[in-house]
Amino acid sequence: MAKAREIFSKKGFKSVTMQDIVDACDISRGGLYLHFSSVEDIFLAVLKAEDSNSADSSTLSSDEGESESDLSQGINVSTEVSASDRFASFLKEQKRFILRRKDGLSLALMEYYSGHSASPDDNYIKNRFDNCIITIEAIVSDGVESGEFECEDIAGFARNLAYVLEGLKTMASVISISEQAVDKEMFYVLQGIVPVDQYTN
C-alpha cells in the first residue's frame, strides 16, 4: 500500500490510473486485477491502511510516512501533562504535517469525496475532522478547568480551529504555504483562549 499511497499523494485521485499503480508497484496488470477492480478500490484500501496505522499508533511519530489521522490520535492525554503543553504539541504536529505537503493525501481525498457520496461513517475527511474536534475540546476543557485557558464556547472554538487546520491542509496540497503563514494562523488561534496576562509575562 505504501507505493500506491505515494502515487495518490503525488497525483491526487482523479489523475491516477491502474497503469500508474502497476508501474509503481512493479506488479503485472493481471496480478493487480486479482486484488482490485478499480483505482477507487485501491484508494479505499489505502485509506483503510491509514486508519489501521492510526489505530495501532500510541504516540505521535516523527516519521515522514505518518498517516494524516495520526495527528489527533497520539496526543498525550495524561493529566500530569499541562493542557498548554498538550495543546502546543498538538499545534506543532499539525503545523509539521501542513508544511510536509508533499506526502499528504488531502488533494486525493478532496477529489475523491467531491465526486463520490459516502455515508458519514465511511467519510475519511469527516472522521478526521470529528477526531480533531474531539481532541481539541478535551485539551481546551482541561485547560479551562486548570485556569490555563479562557474560553466561553469550547465546542465552537474546537470546531473553528478544526476548520482552519483542514483548510490549511487542503491549501498546502495545491499551493505553497510558508511557515510564517501557518504561524500567523496559530497565533490568531491562541489569542482566542490564552489569557491576556500570559502575553505580557
Side-chain angles (χ1 to χ4, degrees), residues 1-77 89-90 93-138 158-159 161-163 165-174:
M1 285 294 105
K3 289 290 187 182
R5 184 190 189 283
E6 186 178 338
I7 292 295
F8 287 117
S9 71
K10 288 179 178 178
K11 300 187 68 172
F13 173 75
K14 292 181 178 180
S15 299
V16 175
T17 66
M18 292 295 272
Q19 189 60 50
D20 290 331
I21 304 297
V22 167
D23 294 341
C25 297
D26 195 25
I27 186 175
S28 70
R29 197 172 184 87
L32 181 62
Y33 276 103
L34 281 176
H35 302 283
F36 303 101
S37 62
S38 66
V39 171
E40 179 178 356
D41 286 346
I42 297 169
F43 185 63
L44 293 176
V46 167
L47 294 186
K48 185 175 180 180
E50 292 275 294
D51 286 337
S52 177
N53 289 338
S54 174
D56 292 340
S57 175
S58 59
T59 58
L60 284 168
S61 170
S62 60
D63 180 55
E64 287 295 305
E66 71 189 348
S67 77
E68 298 192 31
S69 51
D70 285 339
L71 296 173
S72 60
Q73 297 293 327
I75 299 298
N76 190 333
V77 295
S89 176
F90 173 78
E93 292 303 319
Q94 293 284 334
K95 173 183 170 180
R96 190 169 60 82
F97 182 83
I98 291 165
L99 295 176
R100 189 178 51 78
R101 59 190 175 273
K102 62 182 175 61
D103 194 35
L105 290 174
S106 293
L107 177 60
L109 285 163
M110 184 173 59
E111 288 182 344
Y112 178 76
Y113 284 112
S114 66
H116 295 75
S117 59
S119 69
D121 291 338
D122 294 330
N123 191 313
Y124 184 90
I125 295 178
K126 183 182 185 305
N127 291 336
R128 182 177 71 182
F129 181 77
D130 290 344
N131 287 335
C132 185
I133 290 176
I134 290 169
T135 300
I136 297 166
E137 284 184 340
R159 190 171 56 252
L161 175 54
Y163 276 121
L165 294 172
E166 282 298 316
L168 288 170
K169 290 173 189 175
T170 300
M171 292 303 292
S173 68
V174 294

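Note that these values count all heavy atoms, side chains included, but never hydrogens, waters or copies made by symmetry.
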Practice item. Quick one: do C132 and Y163 satisfy side-chain contact (heavy atoms from CB on, under 4.5 Å)? Show the steps, please. Key: CA-CA 10 Å; C132 185; Y163 276 121; over 6 Å; no
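The distance from atom CZ of F8 to atom CG of L107, rounded to the nearest 0.5 Å, is 12.0 Å. Rounding to the nearest 0.5 Å gives a distance of 14.0 Å between OG of S15 and NZ of K10. A distance of 4.5 Å separates CD1 of I42 from CG of L32, quoted to the nearest 0.5 Å. The distance from the CD1 atom of I21 to the CD1 atom of I27 is 10.5 Å, given to the nearest 0.5 Å. Going from atom CG of N131 over to atom NZ of K126 covers 9.5 Å, rounded to the nearest 0.5 Å.
In this view, S28 satisfies the side-chain contact (heavy atoms from CB on, under 4.5 Å) rule with no residue, not counting sequence neighbours. Listed by chain and residue number, M1, F36 satisfy the side-chain contact (heavy atoms from CB on, under 4.5 Å) test with A45 (two or more places apart in sequence, or in another chain). Under the ring-ring contact (aromatic ring centres under 6.0 Å, His included) criterion, F13 pairs with F43, Y112, H116, sequence neighbours left out. Every residue two or more places apart in sequence or in another chain that forms a salt bridge (Lys or Arg N to Asp or Glu O under 4.0 Å) with E166 is listed here: R128, K169. A search for side-chain contact (heavy atoms from CB on, under 4.5 Å) contacts involving A158 returns I133, I136, E137, not counting sequence neighbours.
In this structure, S38 and M18 approach most closely via the heavy-atom pair C-SD, 3.5 Å. Considering all non-hydrogen atoms of both residues, K3 and C25 come closest at CB-SG, 3.7 Å.
A salt bridge (Lys or Arg N to Asp or Glu O under 4.0 Å) check over residues 13-32, counting only residues at least two apart or in different chains, returns the pairs K11-D20.
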